[in-house]
Trainee: 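First the structure, then my questions, so here it is.
Every chain is numbered from 1, with letters handed out A, B, ... down the list of sequences. Values in this document were obtained by computation on a predicted structure and should not be read as measured data.
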Amino acid sequence: MTKSRGGGWVTMTALIALSTACPPVPEASCRQLCEDGTQCDVASQTCVAAPRPRYLREVPGRGVKIASHDRTIWTASVDPSDGVVVVQQVRDGVRDARHVASPPVLQDRKLALAASAEGVVVVWRNGSDQYEVAWRRLSADVAAWRFATIVADAPYAGTEDFDLVLSNAGAPMLLFRDRAKSVRVLASDALDGAWHLEEVDDGGVTGDGVACADSLRAQPGAGVGFDPDLVRRGELVVAAYYDADCGDLRLARRSAQGWAVTLVDGGDDTEPNMRHGMVGRWPSVAFDAAGGVSVAYQDVSRGRLMFARERSGRFESSVVDAGFELDAFARQRKNIVGAFASLRVEDSGAASIAYFDGTGADLRLATRAAGATEWATRKLLSDGAVGFSAGQVILSDGRQFVAAERLNASGDGFRSELVMLEATR
Amino acid sequence: MRRLVVAMVVAAALLGCDRTEVRSGPRELTTLEPNAVRVLVAPAGIGTLVEIANPDGFTVNFAARALPAEDVVVSVGPLNQDLGVATLSSVTQGDAAIVTTRVESRAIHVPARIVWRGDTWVCRWRVAADEVETVAQLALAAGADGPEFGVTQQPTVTIVNPRVTAIDDCSEVSPLLPADFEDALITYLHDALAEAAANALPASPLDAIGLLRGNVRVTRQSPFANRVGTLVLEADVSERHDALSITQWGLSISMDAATEADRARCAPPTPLSTPPGVGSAPIDPADLSRLGADFAIAASATWLARVAQGATLAGYTCTGLEDARDASVNEEVVPTDDLLLESLGLDHLPLGPFATLVLIPGTLPTVEPKPDQGIIAVTWNDLQLEVYGEVAGARTRLARLVVDAELGLRPVAQVVGVAKFTLASIEVSTDQVDSELTAVAPTQEMLDRWARRTLLSVLEDAFEFPLPIAPPVPVRAVGVQVREQDVVVLLRFE
């Protein structure tokens, strides 16, 4: 399918994949034909990616994702006022924010961000339900971003539920909820390589024999694979996601035989009013030093933060923060906590979860010392409405950073602000 | 056991089955308000109690009876037949009620068994009459499980112009029957109908109405542990000699009742503030006649206030956010656009399409009848009203208002199964507003107007109380009265 700039047609790939893959053009027309975001490289007579300009405004926080490698932190976020994708690099206190892309505005845009020794990658969904990928090699200039549309060996219909990991060698893997109500993966050996589509979970019976009733699966509008979190440690690849049909938390694990699906938490419907035991939104997965899997997530029905750890092939869940606190009138109030859970488990066994308190609109952190079983929780930030899209990283030097969005009310609406702070340990 | 079942059914209905666990227990409350609840069943309504206690009609189950005869063995019956009721009426006379039942008399089939020379014939006769009527006189008597209805004497039976016709061909043995066989057959039917008339009376007048009594603990269920509390209700027939009586005005019942609560932690840490009162006033029988009501219930204002306060302490008014399901099946959520959040300075916020309102009581409500205005005034101070919306997909509290509310509840008639009140008036004064997301601070007037409008939408259908009865057939409230010390609901069986 092709479309022209001035009446003629060029390839759609050229429109979106603003890279050195552009076909050579006559020198006379090179400057005229290169798309926005590219520039004419006179020497090679090709359209090459233009250096991404600095983002000079306050860095926005909408849908913020945070990733790190070594002692460098990256955040990716969207400016809700104009849809600009902003990627910020922070190293040793030096910040560099770039206007990476201005995709056509989509509602509820989300981003995925991953970093490795090779580079940093951002993914978003375009208006054709395909995923766009932007990446920069760490060896390249900080402004040198490349772009592509993910076209796989089979058709797919992406949604706003997706996540991305990179192997140490930089091979990407994107897990997403397909509109066809299944969880799928797009994998490639390289960002500019060929993408292969894999099935992960069609919502059927899990490997441990748990099924969601057909009547629930048949509901319109729901499905399996919401809020996925994908992690990788060497060859171990695990994803946790929410099954909205049954209100369950599922986990998929990749092996040489393919993907195996396990039920992490099926919810609590034992009490008379727990008709809808829905658990497993905002899951965040982490490996411990031995490769054991843990998941932090929200118990939606009870509005609380949970932690599940795998032991002998089964997950055991416990409450991290039930969301109760006494108010000034000695009433116990219930806060809705646990959204945007972001779990990190260190090699020592110490664990921490950054999360959102929806009642106080606060950013909170739960920590558990190595060898301990009890969690301690505290507010990290409570100034304004803060904590949306919370995420955290732990750098190679042991420092811990938490990022989130703050909404600042003003006379003419709201301003989205990225807040990032180092958590004292 | 029956009384506990009734009490549990009623208690569950009072507070909503899906949010309630009901358990009965031993009597535990010592200070009962005398005459907290009164019931008056109109004279005609007593007959209706008999009628609804016999949904299949007039049931005759009478054992066979041997008749004297020579050379043959003859027995009449047994008779097992449901007869249709043509009319049923009742009046009171002194301390008794007279129930007159006219049964369908076109075809009463009576069998007879005849044994002759070792052979047995079973033959049937059809008894028809111009009119079959039973008259039972019933009174109240003490029973093992409370007061019971009983007949003061054997019911009388009138069979006008009876006609006996053989249905089956029993000509071989008919000549052997006694000469007065047909008279014996009529006498047998007479006795059978008299026993059936006595058996048709409901054993307990309280069970016939399904009146709440006994001790029940009604526990609020919630996904949130801080909303779990227990309302303790106790009610029983007063021990005074005139607590249960039949008079010319009908069947009168006085109940003593008490209410306490085990506090849910979401509720304010305060005891019930309304002490037990002096009870309800006698019900005016003229009101029943005027509205054609079968019976009426009067509940004292103090008892109602204690139930309202007890329900609040038990967590029943801590509401919202308990249903996490999708909006398409979630009854808690409201369209965000309907909330007019711009009044709170919350416009331009990137919100999801649905929002949820949360109510948390800061004090216990007070209840006061206003008979001159025909309303019940409810004052509820420090009521916390919260709005939650979806921001970035996460449930987020957008604003919290603390308001003092004064509600005027006007009773509504012609409603089935419940005592319904509409919000005749609502006055709201906003004491405090908190929001991390308010762009422009709203004025006090805007806040009050928004809170009033929102409370109105939350509460407009909230004051619909199932009656403290569980009758076997639906009842319709045909009239409601607010009086100085109580509220009277006049009811008719559907």
Trainee: Measure A/Ala385 against the heavy atoms of chain B and call it side chain, backbone, both or neither at under 4.5 Å.
Mentor: both
Trainee: What residue in A/Ala244, A/Gly387, A/Ala330 has the most heavy-atom pairs under 4.5 Å with chain B?
Mentor: A/Ala330
Trainee: What part of B/Ala267 gets within 4.5 angstrom of chain A, counting heavy atoms only: side chain, backbone, both, or neither?
Mentor: backbone
Trainee: Under a plain distance cut-off of 3.5 Å, with no hydrogens placed, do B/Tyr388 and B/Arg395 share a side-chain donor-acceptor pair?
Mentor: no
Trainee: Checking heavy atoms, do the side chain of B/Ala264, its backbone, both or neither come under 4.5 Å from chain A?
Mentor: neither
Trainee: Would you check if there is a donor-acceptor pair between the side chains of A/Arg333 and A/Asn335 at a distance under 3.5 Å?
Mentor: yes
Trainee: Do you know which of B/Glu436, B/Glu386, B/Arg263 has the most heavy-atom pairs with chain A at a distance under 4.5 angstrom?
Mentor: B/Glu436
Trainee: Less than 3.5 Å apart, any donor N or O on the side chain of A/Arg331 or B/Gln384 sitting next to an acceptor on the other?
Mentor: yes
Trainee: Go through the atoms of A/Phe329 and report whether side chain, backbone, both or neither lie under 4.5 Å from a heavy atom of chain B.
Mentor: backbone
Trainee: Is the gap between the ring centers of A/Phe356 and A/Phe340 under 6.0 Å?
Mentor: yes
Trainee: Going by an N to O cut-off under 4.0 Å, is there a salt bridge joining A/Arg57 and A/Asp82?
Mentor: yes
Trainee: Measure distances from B/Arg227 to the heavy atoms of chain A and classify the residue's part below 4.5 Å as side chain, backbone, both or neither.
Mentor: neither
Trainee: Any donor and acceptor pair, going by atom type alone, linking the side chain of A/Asp245 with main-chain N or O of A/Ala222 inside 3.5 Å?
Mentor: no
Trainee: What part of A/Ser416 is in contact with chain B, defined as an atom under 4.5 angstrom from a non-hydrogen atom: side chain, backbone, both or neither?
Mentor: neither
Trainee: How about A/Val337 and A/Tyr355: do any of their side-chain heavy atoms sit closer than 4.5 Å?
Mentor: yes
Trainee: Given heavy-atom pairs under 4.5 angstrom as the criterion, report whether the side chain, backbone, both or neither of A/Arg62 touches chain B.
Mentor: side chain
